[in-house]
Amino acid sequence: MPGSALSHPRRRDLLRVAAAAGVVAPLAGAPRAQALRTRARIVIAGAGAAGLTMASKLSRMLDGARITLIGARAAHWYQPGFTMVASGVWPVGKVVSETATYVAPGVTWVRADVAAFEPEAKRVVATDGSSHDYDALVVATGCTLEWSRIEGMDPALIGRDGIASVYAGPEGAEATWRVLRRFMETGGVAVHGRPPTEMKCAGAPLKGAMLWDARAREAGTRGRAEIHYFTPFRNLFAVAPVHAKVLELFSARDIAFAYEHTLTAIDPGTKTATFRTPDGPKAVRYDYLHVVPPMAAPKAVRESALAWQSGPFAEDGWVEVNRDTLQHPRFPEVFAVGDVAGVPRGKTAASVKTQAPVAAANLVAFLAGSGMDATYNGYTSCPLITQPGRAMLVEFDYEGRLTPTFPFIDPLTEHWVPWVMKDKLLGPIYRAMLHGQI
Amino acid sequence: MELFAPRALAAITGEMFGALLWVAAMVALVDLALVLLALRRGAQWGAAARIAAGFGALVALGVLVALPGFTNAGFRDLAGALDWLTWAAVGLGAGVAAALGVLPLLALALGRRSGAAAPALQRGAASSLR
Ligand SMILES: Cc1cc2nc3c(=O)[nH]c(=O)nc-3n(C[C@H](O)[C@H](O)[C@H](O)COP(=O)(O)OP(=O)(O)OC[C@H]3O[C@@H](n4cnc5c(N)ncnc54)[C@H](O)[C@@H]3O)c2cc1C
């Protein structure tokens with residue numbers, strides 16, 4: 001645990017002093033009184049939002065378990081903040097921190113990725129050659145961005161020749177703002193869209209189009225700009241009332257859209273994007289192209305027996321889990337949390353907040369040999385930013401029902417308050433989640 | 001929902017304000033001690049309260065003006081009762097907190113109520129009458 005070794009003793013000492021004073025015992029990292037005593041070996045694959053949250057939660061719920069977190073990335077990315085960086089509201093430093101800060105005390109952090117899952121042997125092999133046997137496994141590897149599925153697209157192009165992508169990490173978000181700023185001066189044709197696969201934060205491409213519109217209006221160049229949004233589906237958002245609202249917003253802002261258009265190729269030389277449509281390939285010239293790549297489970301997951309073998313989640317290798325309990329039906333000691341879980345919807349950090357307590361409770365029940373009664377209802381949330389300063393707090397479940405956390409906030413009305421939440425509140429909630437405190 | 005549990009709220013507040021939370025707690029404690037001291041000294045609460053209210057009103061006004069900008073937004077972004085009520089509540093809260101914060105300091109600075117004697121003096125006066 002190289003990084004965490006630096007930060008934990010100090011925190012642990014502080015917590016010990018505070019706990020001795022009886023002040024923050026419930027907030028400290030110590031296991032709770034009802035923690036399950038066990039010597040079980042728990043492996044968590046992936047040290048992002050879901051993996052870190054699960055490590056924190058399990059270290060509180062289990063006493064004596066050996067928890068190993070496997071993930072190579074030393075930098076932690078607050079991905080929900082990428083749109084804020086890409087629209088020039090936040091500096092990039094605000095979305096990058098150190099993974100070590102969030103690794104719970106007592107958790108062993110292996111700084112490598114998982115190269116292979118061997119669920120029959122209950123073992124994972126890491127890219128550093130080490131292998132880890134487990135009694136329970138949590139798969140939390142997130143998803144990969146499949147740039148190569150778009151002919152001619154290379155992430156190195158982002159930030160040049162009008163190509164942008166808020167999905168391409170913090171640098172991509174920063175580069176997107178650079179490209180956007182240039183186009184605010186010149187105007188031109190802006191092309192936005194989404195991929196045909198499952199994707200994290202399906203609201204982000206819509207936010208992109210609306211933010212572009214707002215920024216161009218601010219700059220006084222909107223009159224010289226055309227904004228287009230292309231989707232492979234026959235709707236703008238999978239949840240009906242949200243789709244209707246986005247339609248209204250797009251028409252009020254003069255954002256053109258087309259259904260059944262899938263980006264298949266780009267030619268940066270001629271600034272042409274090619275879409276697959278029911279009428280054959282269609283070429284669109286752009287001055288600004290926001291690329292949202294297809295997404296899939298990481299290769300190690302996709303190529304393992306953990307992936308769905310058939311059905312809608314099989315092609316991109318998402319982990320097969322029961323959508324309610326998040327437990328693998330063929331390997332009962334395996335659970336999946338976060339973007340990699342093969343469940344409908346649920347690919348947001350807000351979903352992780354709701355999934356992690358369910359998966360953790362069920363994993364503990366599995367170890368204890370008792371029944372699993374925690375269920376995930378598909379909760380997914382996205383503060384749909386409509387312009388810098390305003391947003392709609394859209395929350396829904398598997399059934400596409402709107403499930404507002406704050407009953408006094410209308411999820412389909414643009415307000416300043418949801419924007420304030422996005423700007424000031426969701427970051428602290430996210431960090432509290434990583435620390436396993438919520 | 002778990003988000004509203006006291007533990008969760010405490011954790012989120014801690015993450016939001018970090019070390020500032022401890023500073024605020026210390027200020028509140030010092031303020032409380034000053035209130036007790038002012039009470040013992042029989043301070044001038046009426047005049048102090050009037051000045052503190054004025055100060056609070058100024059702070060509230062400043063906060064109300066600066067709040068949208070502090071959230072990377074502008075006044076044009078406030079839309080509907082929810083936004084305006086939230087905006088007003090934050091300003092009011094800041095004003096009240098500021099007024100309460102300076103009140104004991106002002107009460108001490110303005111000295112004793114006219115006619116109110118220090119406890120030691122009162123005892124001395126009583127014995128000389130005997
Ligand atoms: C532009 C954008 C905007 C977003 N906006 C919002 C929003 O407004 N609200 C919201 O709730 N969510 C939002 N999200 C989604 C949210 O960030 C993700 O859903 C969340 O981070 C998922 O957590 P995760 O742990 O599953 O994946 P991640 O946080 O991506 O973590 C996965 C980790 O696994 C690691 N990994 C990958 N392969 C392996 C392997 N083989 N072995 C070990 N480790 C591996 C990765 O390096 C990474 O560290 C947004 C995302 C983006 C990109």
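Note that the structure is a prediction, hence the values are computed from the model and not measured.
Under the side chain to side chain contact (heavy atoms under 4.5 Å, CB included) criterion, A:R253 pairs with A:M210, A:D213, A:R217, A:L249, A:I255, A:T386, A:Q387, A:E414, not counting sequence neighbours.
The stretch residues 26-37 of chain B places none of its residues near chain A, where near means some heavy atom under 4.5 Å from a heavy atom of that chain. Inspection of non-hydrogen atoms places B:L67, B:P68, B:F70, B:T71, B:N72, B:A73, B:R76, B:D77, B:L78 of residues 60-78 of chain B under 4.5 Å from chain A. When the heavy atoms of residues 418-427 of chain A are compared with those of chain B, the residues falling under 4.5 Å are A:W419, A:V420, A:D423, A:K424, A:L425, listed by number.
Atom NE2 of A:H435 is separated from atom CD of B:E15 by 4.5 Å, given to the nearest 0.5 angstrom.
The two residues B:R7 and A:G436 have their closest heavy-atom pair at NH2-O, 4.5 Å.
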Given the rule in the side-chain contact (heavy atoms from CB on, under 4.5 Å) test, do B:W84 and A:W416 qualify, once you have shown the distances and angles that lead to the verdict? CA-CA 9 Å; B:W84 288 107; A:W416 167 65; over 6 Å; no

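Annotation: maximal heavy-atom pairing with chain A below 4.5 Å, among B:T86, B:I12, B:L82, occurs at B:L82.
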